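First up is the structure itself, then whatever we jot down about it.
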Amino acid sequence: MAFPEPKPKKPELPKRLVQNLECKQGAVRAVRFNVDGNYCLTCGSDKSLKLWNPHKGTLLKTYSGHGYEVLDAAGSFDNSQLCSCGADKTVVLWDVASGQVIRKFRGHAGKVNCVQFNEEATVILSGSIDSSVRCWDCRSRRPDPIQILDEAKDGVSSLKVSDYEILSGSVDGRVRRYDLRAGELYSDYVGSPVTSVCFSKDGQCTLAASLDSTLRLLDKDTGELLGEYTGHKNTAYKLDCCLSEKDTHVTSCSEDGKVYFWDLVEGSLMLSLPVGRGVVQSLSFHPSKPGLLTATEGRVQFWREESHVVEEQPPGC
(Lines give C-alpha, C1' and ligand atoms only; values in the text may rest on other atoms or scores of the structure.)
Protein backbone atom coordinates (compact mmCIF):
# COMPACT_ATOMS: atom_id res chain seq x y z
CA MET A 1 0.00 0.00 0.00
CA ALA A 2 1.47 3.34 -1.03
CA PHE A 3 1.27 6.10 1.54
CA PRO A 4 0.44 9.59 0.29
CA GLU A 5 3.29 12.07 0.19
CA PRO A 6 3.38 14.30 3.27
CA LYS A 7 1.95 17.73 2.62
CA PRO A 8 4.81 20.07 1.73
CA LYS A 9 5.58 22.59 4.44
CA LYS A 10 4.66 26.19 3.72
CA PRO A 11 7.70 28.18 2.69
CA GLU A 12 9.11 30.15 5.60
CA LEU A 13 10.52 33.65 5.37
CA PRO A 14 13.90 34.54 6.87
CA LYS A 15 12.94 36.93 9.66
CA ARG A 16 15.09 35.76 12.57
CA LEU A 17 18.45 37.50 12.97
CA VAL A 18 21.20 34.91 13.53
CA GLN A 19 24.41 36.84 12.75
CA ASN A 20 25.53 40.45 12.75
CA LEU A 21 28.76 41.17 10.85
CA GLU A 22 30.49 44.47 11.57
CA CYS A 23 32.40 44.60 8.31
CA LYS A 24 34.77 47.50 9.10
CA GLN A 25 35.16 48.43 5.43
CA GLY A 26 33.21 51.65 5.22
CA ALA A 27 29.75 51.42 3.66
CA VAL A 28 28.98 47.92 2.37
CA ARG A 29 28.03 48.45 -1.27
CA ALA A 30 27.08 44.82 -2.00
CA VAL A 31 26.78 41.47 -0.24
CA ARG A 32 26.78 38.22 -2.25
CA PHE A 33 26.43 34.54 -1.31
CA ASN A 34 28.83 32.19 -3.06
CA VAL A 35 27.49 29.40 -5.28
CA ASP A 36 26.61 26.93 -2.47
CA GLY A 37 25.63 29.48 0.18
CA ASN A 38 28.39 28.53 2.66
CA TYR A 39 30.31 31.79 2.28
CA CYS A 40 29.65 35.38 1.32
CA LEU A 41 31.47 38.39 -0.11
CA THR A 42 31.15 41.99 1.03
CA CYS A 43 32.18 44.97 -1.12
CA GLY A 44 33.40 47.99 0.79
CA SER A 45 33.60 51.70 0.13
CA ASP A 46 37.14 51.52 1.61
CA LYS A 47 38.35 49.68 -1.58
CA SER A 48 38.39 46.24 0.10
CA LEU A 49 36.62 42.97 -0.68
CA LYS A 50 36.05 40.53 2.20
CA LEU A 51 35.20 36.82 2.35
CA TRP A 52 33.12 35.60 5.30
CA ASN A 53 31.48 32.53 6.74
CA PRO A 54 28.14 34.16 7.60
CA HIS A 55 26.90 31.03 9.42
CA LYS A 56 29.66 31.41 12.04
CA GLY A 57 30.16 35.15 11.61
CA THR A 58 33.86 34.79 10.87
CA LEU A 59 36.05 36.82 8.51
CA LEU A 60 38.16 34.51 6.32
CA LYS A 61 40.12 36.83 4.05
CA THR A 62 40.48 40.42 2.86
CA TYR A 63 41.29 41.22 -0.78
CA SER A 64 42.99 44.55 -1.49
CA GLY A 65 43.79 45.83 -4.96
CA HIS A 66 41.00 48.15 -6.08
CA GLY A 67 41.81 51.84 -6.37
CA TYR A 68 38.37 53.06 -5.31
CA GLU A 69 35.22 51.65 -3.73
CA VAL A 70 34.19 48.10 -4.67
CA LEU A 71 30.66 47.91 -6.08
CA ASP A 72 30.00 44.23 -6.87
CA ALA A 73 31.61 40.79 -6.68
CA ALA A 74 30.93 37.16 -7.59
CA GLY A 75 32.46 33.75 -6.88
CA SER A 76 33.28 31.06 -9.44
CA PHE A 77 31.39 27.74 -9.54
CA ASP A 78 34.32 25.87 -7.86
CA ASN A 79 35.03 28.62 -5.28
CA SER A 80 38.63 28.96 -6.49
CA GLN A 81 38.30 32.45 -7.97
CA LEU A 82 36.49 35.72 -7.36
CA CYS A 83 35.73 38.62 -9.64
CA SER A 84 34.96 42.14 -8.51
CA CYS A 85 34.42 45.58 -9.99
CA GLY A 86 34.41 49.10 -8.76
CA ALA A 87 34.42 52.84 -9.15
CA ASP A 88 38.06 52.70 -10.35
CA LYS A 89 36.69 51.50 -13.75
CA THR A 90 38.41 48.09 -13.38
CA VAL A 91 37.31 44.46 -13.21
CA VAL A 92 39.57 42.27 -11.05
CA LEU A 93 40.02 38.48 -11.09
CA TRP A 94 41.29 37.11 -7.76
CA ASP A 95 42.71 33.83 -6.51
CA VAL A 96 40.61 32.96 -3.44
CA ALA A 97 43.26 30.99 -1.51
CA SER A 98 46.24 33.32 -1.93
CA GLY A 99 44.32 36.60 -2.05
CA GLN A 100 46.39 37.66 -5.05
CA VAL A 101 45.15 39.55 -8.11
CA ILE A 102 45.33 37.22 -11.15
CA ARG A 103 44.20 39.78 -13.75
CA LYS A 104 43.01 43.37 -13.83
CA PHE A 105 40.80 44.22 -16.81
CA ARG A 106 40.72 47.86 -17.91
CA GLY A 107 38.58 49.24 -20.71
CA HIS A 108 35.40 50.63 -19.21
CA ALA A 109 35.13 54.42 -19.47
CA GLY A 110 33.37 54.87 -16.12
CA LYS A 111 32.62 53.09 -12.86
CA VAL A 112 31.68 49.42 -13.17
CA ASN A 113 28.39 48.64 -11.39
CA CYS A 114 28.01 44.89 -11.74
CA VAL A 115 30.01 41.76 -12.48
CA GLN A 116 29.23 38.07 -13.13
CA PHE A 117 31.08 34.89 -14.12
CA ASN A 118 29.71 32.67 -16.85
CA GLU A 119 28.90 29.14 -15.73
CA GLU A 120 32.37 27.69 -16.35
CA ALA A 121 34.12 30.79 -14.92
CA THR A 122 36.05 31.22 -18.18
CA VAL A 123 34.49 34.61 -18.96
CA ILE A 124 33.72 37.59 -16.73
CA LEU A 125 30.89 39.92 -17.75
CA SER A 126 30.80 43.47 -16.44
CA GLY A 127 28.24 46.28 -16.75
CA SER A 128 29.22 49.92 -16.43
CA ILE A 129 27.95 53.47 -16.20
CA ASP A 130 29.52 53.84 -19.70
CA SER A 131 26.41 52.03 -21.12
CA SER A 132 28.28 48.86 -22.11
CA VAL A 133 28.50 45.23 -21.06
CA ARG A 134 31.99 43.84 -21.64
CA CYS A 135 33.03 40.18 -21.78
CA TRP A 136 36.55 39.35 -20.58
CA ASP A 137 38.40 36.08 -21.22
CA CYS A 138 39.90 34.86 -17.92
CA ARG A 139 42.34 32.50 -19.64
CA SER A 140 43.79 34.82 -22.28
CA ARG A 141 46.50 37.42 -21.75
CA ARG A 142 44.82 39.83 -24.16
CA PRO A 143 43.96 43.11 -22.47
CA ASP A 144 40.85 43.90 -24.52
CA PRO A 145 37.38 42.37 -24.10
CA ILE A 146 36.30 39.50 -26.37
CA GLN A 147 32.94 41.19 -26.88
CA ILE A 148 31.25 44.51 -26.14
CA LEU A 149 27.45 44.75 -25.89
CA ASP A 150 26.69 48.43 -26.37
CA GLU A 151 22.94 48.47 -27.03
CA ALA A 152 22.08 50.30 -23.77
CA LYS A 153 21.48 54.03 -24.13
CA ASP A 154 22.48 54.79 -20.54
CA GLY A 155 24.41 53.15 -17.71
CA VAL A 156 24.11 49.39 -17.10
CA SER A 157 23.10 48.92 -13.46
CA SER A 158 22.61 45.17 -13.14
CA LEU A 159 23.65 41.96 -14.85
CA LYS A 160 22.79 38.25 -14.56
CA VAL A 161 24.02 35.27 -16.56
CA SER A 162 22.41 31.88 -17.18
CA ASP A 163 23.97 29.01 -19.16
CA TYR A 164 23.08 30.66 -22.48
CA GLU A 165 21.67 34.12 -21.68
CA ILE A 166 22.80 37.52 -20.47
CA LEU A 167 20.22 39.67 -18.67
CA SER A 168 20.95 43.36 -18.18
CA GLY A 169 19.10 46.27 -16.63
CA SER A 170 19.85 49.85 -17.63
CA VAL A 171 19.12 53.39 -16.47
CA ASP A 172 17.52 53.89 -19.92
CA GLY A 173 14.49 51.99 -18.53
CA ARG A 174 15.00 48.76 -20.48
CA VAL A 175 15.61 45.15 -19.51
CA ARG A 176 17.64 43.43 -22.24
CA ARG A 177 18.10 39.69 -22.67
CA TYR A 178 20.76 38.37 -25.01
CA ASP A 179 20.02 34.81 -26.14
CA LEU A 180 23.47 33.51 -27.07
CA ARG A 181 22.18 30.27 -28.62
CA ALA A 182 19.81 32.01 -31.01
CA GLY A 183 21.91 35.15 -31.42
CA GLU A 184 18.89 37.27 -30.51
CA LEU A 185 18.39 40.36 -28.37
CA TYR A 186 15.05 40.83 -26.57
CA SER A 187 14.29 44.21 -25.02
CA ASP A 188 11.45 45.11 -22.62
CA TYR A 189 10.66 48.73 -21.81
CA VAL A 190 9.87 49.34 -18.13
CA GLY A 191 9.83 53.13 -18.36
CA SER A 192 11.73 53.97 -15.19
CA PRO A 193 15.50 53.51 -14.60
CA VAL A 194 16.14 49.82 -13.86
CA THR A 195 18.35 49.21 -10.81
CA SER A 196 18.34 45.41 -10.45
CA VAL A 197 17.38 42.39 -12.57
CA CYS A 198 17.32 38.65 -11.96
CA PHE A 199 16.07 35.36 -13.41
CA SER A 200 13.58 33.18 -11.57
CA LYS A 201 15.03 29.81 -10.49
CA ASP A 202 12.88 27.98 -13.06
CA GLY A 203 14.25 30.22 -15.82
CA GLN A 204 10.76 31.22 -17.02
CA CYS A 205 10.58 34.77 -15.67
CA THR A 206 12.66 37.88 -15.09
CA LEU A 207 12.30 40.30 -12.19
CA ALA A 208 13.22 43.98 -12.54
CA ALA A 209 13.40 46.71 -9.91
CA SER A 210 13.15 50.35 -10.95
CA LEU A 211 13.22 53.84 -9.48
CA ASP A 212 9.41 54.23 -9.50
CA SER A 213 9.36 52.05 -6.33
CA THR A 214 7.98 49.10 -8.31
CA LEU A 215 9.19 45.57 -9.01
CA ARG A 216 7.92 43.91 -12.18
CA LEU A 217 7.79 40.22 -12.98
CA LEU A 218 7.98 39.58 -16.73
CA ASP A 219 7.46 36.44 -18.76
CA LYS A 220 10.91 35.81 -20.19
CA ASP A 221 9.78 34.67 -23.61
CA THR A 222 6.86 36.99 -24.33
CA GLY A 223 7.70 40.02 -22.17
CA GLU A 224 4.18 39.87 -20.69
CA LEU A 225 3.82 41.64 -17.32
CA LEU A 226 2.92 38.89 -14.85
CA GLY A 227 3.00 40.87 -11.62
CA GLU A 228 3.78 44.21 -9.99
CA TYR A 229 5.01 44.56 -6.42
CA THR A 230 4.85 47.86 -4.52
CA GLY A 231 4.98 49.20 -0.97
CA HIS A 232 8.72 49.72 -0.57
CA LYS A 233 10.62 52.94 -1.32
CA ASN A 234 13.15 53.08 -4.16
CA THR A 235 13.48 56.43 -5.91
CA ALA A 236 17.15 57.40 -5.62
CA TYR A 237 19.48 54.44 -4.99
CA LYS A 238 20.53 51.30 -6.84
CA LEU A 239 18.93 48.61 -4.67
CA ASP A 240 18.87 44.82 -5.08
CA CYS A 241 15.84 42.63 -5.66
CA CYS A 242 15.67 38.83 -5.86
CA LEU A 243 13.41 35.78 -5.63
CA SER A 244 13.39 33.39 -2.69
CA GLU A 245 15.10 30.01 -2.94
CA LYS A 246 11.95 28.27 -4.23
CA ASP A 247 10.55 31.15 -6.32
CA THR A 248 7.67 31.58 -3.84
CA HIS A 249 8.42 35.15 -2.78
CA VAL A 250 9.76 38.36 -4.30
CA THR A 251 12.21 40.26 -2.09
CA SER A 252 13.50 43.82 -2.30
CA CYS A 253 15.67 46.29 -0.44
CA SER A 254 14.17 49.64 0.46
CA GLU A 255 15.27 53.17 1.29
CA ASP A 256 13.23 53.13 4.54
CA GLY A 257 15.50 50.66 6.36
CA LYS A 258 13.36 47.56 5.68
CA VAL A 259 13.37 44.51 3.42
CA TYR A 260 10.04 43.67 1.77
CA PHE A 261 8.66 40.24 0.86
CA TRP A 262 5.69 39.68 -1.47
CA ASP A 263 3.88 36.52 -2.45
CA LEU A 264 5.00 35.91 -6.05
CA VAL A 265 1.60 34.74 -7.35
CA GLU A 266 -0.76 36.87 -5.26
CA GLY A 267 1.37 40.02 -5.38
CA SER A 268 0.42 40.73 -1.77
CA LEU A 269 2.92 42.10 0.74
CA MET A 270 3.74 39.31 3.22
CA LEU A 271 6.37 40.93 5.43
CA SER A 272 8.33 44.13 5.87
CA LEU A 273 11.40 43.26 7.89
CA PRO A 274 12.98 46.13 9.88
CA VAL A 275 16.74 45.90 9.23
CA GLY A 276 18.21 49.28 10.19
CA ARG A 277 17.82 53.04 10.18
CA GLY A 278 19.56 53.75 6.87
CA VAL A 279 18.97 52.57 3.32
CA VAL A 280 19.16 48.78 2.89
CA GLN A 281 21.38 48.79 -0.16
CA SER A 282 22.06 45.15 -0.93
CA LEU A 283 20.69 41.69 -0.26
CA SER A 284 21.43 38.11 -1.25
CA PHE A 285 19.16 35.07 -0.88
CA HIS A 286 20.66 31.71 0.05
CA PRO A 287 20.62 29.42 -3.03
CA SER A 288 18.82 26.53 -1.31
CA LYS A 289 17.58 27.55 2.17
CA PRO A 290 15.40 30.33 3.61
CA GLY A 291 18.41 32.50 4.41
CA LEU A 292 18.95 36.17 3.61
CA LEU A 293 21.93 38.50 3.85
CA THR A 294 21.22 42.23 4.10
CA ALA A 295 23.67 45.15 3.95
CA THR A 296 22.96 48.51 5.52
CA GLU A 297 25.59 51.13 6.28
CA GLY A 298 28.74 49.25 7.41
CA ARG A 299 26.97 46.13 8.60
CA VAL A 300 25.76 42.84 7.16
CA GLN A 301 23.06 40.81 8.86
CA PHE A 302 22.17 37.16 8.29
CA TRP A 303 18.52 36.19 8.67
CA ARG A 304 17.03 32.69 8.86
CA GLU A 305 13.54 31.23 9.17
CA GLU A 306 11.94 31.12 12.64
CA SER A 307 12.17 27.31 12.91
CA HIS A 308 15.93 27.39 12.20
CA VAL A 309 18.02 25.85 14.98
CA VAL A 310 21.48 27.35 15.36
CA GLU A 311 23.84 24.38 15.38
CA GLU A 312 26.29 24.25 18.23
CA GLN A 313 29.82 24.17 16.84
CA PRO A 314 31.82 21.17 18.09
CA PRO A 315 35.01 22.27 19.88
CA GLY A 316 37.99 22.70 17.61
CA CYS A 317 35.90 23.95 14.64
Side-chain angles (χ1 to χ4, degrees), residues 32-37 72-85 91 93 103 105 107-108 112-128 131-140 142 144-153 156-170 172 174-190 194-209 215-226 240-247 250 264 284-288:
R32 302 285 178 249
F33 269 116
N34 75 323
V35 65
D36 54 20
D72 197 12
S76 64
F77 72 97
D78 59 358
N79 292 326
S80 69
Q81 294 180 330
L82 307 173
C83 62
S84 62
C85 64
V91 175
L93 177 64
R103 293 287 309 278
F105 300 101
H108 278 297
V112 189
N113 288 322
C114 44
V115 71
Q116 290 274 293
F117 276 112
N118 69 336
E119 223 168 7
E120 299 83 33
T122 52
V123 175
I124 297 171
L125 296 101
S126 57
S128 163
S131 310
S132 74
V133 174
R134 290 172 192 242
C135 310
W136 312 91
D137 188 341
C138 300
R139 298 171 298 181
S140 147
R142 284 177 54 203
D144 44 339
I146 47 177
Q147 192 169 3
I148 300 174
L149 308 172
D150 56 4
E151 285 76 17
K153 303 287 184 286
V156 176
S157 59
S158 181
L159 199 58
K160 291 292 183 294
V161 181
S162 74
D163 50 356
Y164 65 96
E165 296 163 304
I166 301 165
L167 186 69
S168 76
S170 169
D172 68 9
R174 287 187 179 272
V175 177
R176 292 176 175 84
R177 183 170 62 90
Y178 298 84
D179 186 320
L180 305 177
R181 282 181 190 164
E184 295 280 356
L185 165 61
Y186 301 93
S187 175
D188 293 304
Y189 186 58
V190 168
V194 177
T195 60
S196 179
V197 291
C198 64
F199 288 109
S200 59
K201 300 282 187 299
D202 65 7
Q204 303 295 309
C205 307
T206 59
L207 181 68
L215 304 180
R216 291 172 179 84
L217 187 71
L218 305 171
D219 184 290
K220 194 180 80 177
D221 294 323
T222 66
E224 182 190 349
L225 182 64
L226 301 175
D240 289 336
C241 67
C242 66
L243 290 150
S244 62
E245 86 284 7
K246 291 197 175 82
D247 277 346
V250 170
L264 177 107
S284 185
F285 220 100
H286 192 284
S288 56

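Just so it is clear, the model here is predicted, and its values are computed rather than measured.
Rounding to the nearest 0.5 angstrom, the gap separating the SG atom in Cys135 from the CZ atom in Phe105 is 11.5 Å. Rounding to the nearest 0.5 Å places CG of Leu167 at 5.5 Å from OG1 of Thr206. Separating the OG atom in Ser168 from the CD atom in Gln116 is a distance of 11.5 Å, to the nearest 0.5 Å. We find the SG-CG distance between Cys241 and Leu215 to be 5.5 Å, quoted to the nearest 0.5 Å. We find the OG-CD1 distance between Ser131 and Ile148 to be 12.5 Å, quoted to the nearest 0.5 Å. Note that NE2 of His108 and OG of Ser132 are 4.5 Å apart. Values are rounded to the nearest 0.5 Å.
At least one donor-acceptor pair under 3.5 Å links the side chain of Lys160 to the backbone N or O of Val197. Side chain of Asp172 to backbone of Ala152: no donor-acceptor contact under 3.5 angstrom is found.
Between Asn113 and Val156 there is no side-chain heavy-atom pair separated by less than 4.5 Å. At least one side-chain heavy atom of Phe285 sits under 4.5 Å from a side-chain heavy atom of Glu245. Proximity of Leu225 to Asp188: side-chain heavy atoms (C-beta onward) are nowhere separated by under 4.5 Å. At a threshold of 4.5 Å between non-hydrogen side-chain atoms, the residues Ser187 and Arg176 count as touching.
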Trace of the side-chain contact (heavy atoms from CB on, under 4.5 Å) decision for Val35 with Asn79: CA-CA 8 Å; Val35 65; Asn79 292 326; 3.8 Å; yes
Criterion side-chain contact (heavy atoms from CB on, under 4.5 Å) on Leu207 and Ser200, from CA distance to verdict: CA-CA 7 Å; Leu207 181 68; Ser200 59; over 6 Å; no
Test side-chain contact (heavy atoms from CB on, under 4.5 Å) applied to Leu93 and Gln81, step by step: CA-CA 7 Å; Leu93 177 64; Gln81 294 180 330; 3.8 Å; yes
Stepwise side-chain contact (heavy atoms from CB on, under 4.5 Å) test for Thr122 and Arg139: CA-CA 7 Å; Thr122 52; Arg139 298 171 298 181; 3.6 Å; yes
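Between Arg181 and Asp179 there is no salt bridge, since no side-chain N of the basic residue sits under 4.0 Å from a carboxylate O of the acidic one. Between Glu165 and Lys220 a salt bridge is recorded (basic side-chain N to carboxylate O distance below 4.0 Å). Salt bridge annotation for Asp240-Arg32: present, with a cationic side-chain nitrogen under 4.0 angstrom from a carboxylate oxygen.
The nearest pair of heavy atoms linking Phe117 to Leu125 is C-CD1, 4.5 Å. Smallest separation of non-hydrogen atoms from Asp72 and Val115: OD2-N, 3.0 Å. The two residues Ile166 and Leu149 come nearest to each other via the heavy atoms CD1-CD1, 3.9 Å. For the pair Phe199 and Arg177, the tightest heavy-atom approach, listed with the atom from each and the gap, is CE2-CD, 4.3 Å. Across every non-hydrogen atom of Lys153 and Glu151, the tightest pair is NZ-O, 3.1 Å. Closest approach of Gly169 and Val194 over heavy atoms only: CA-CG1, 3.8 Å.
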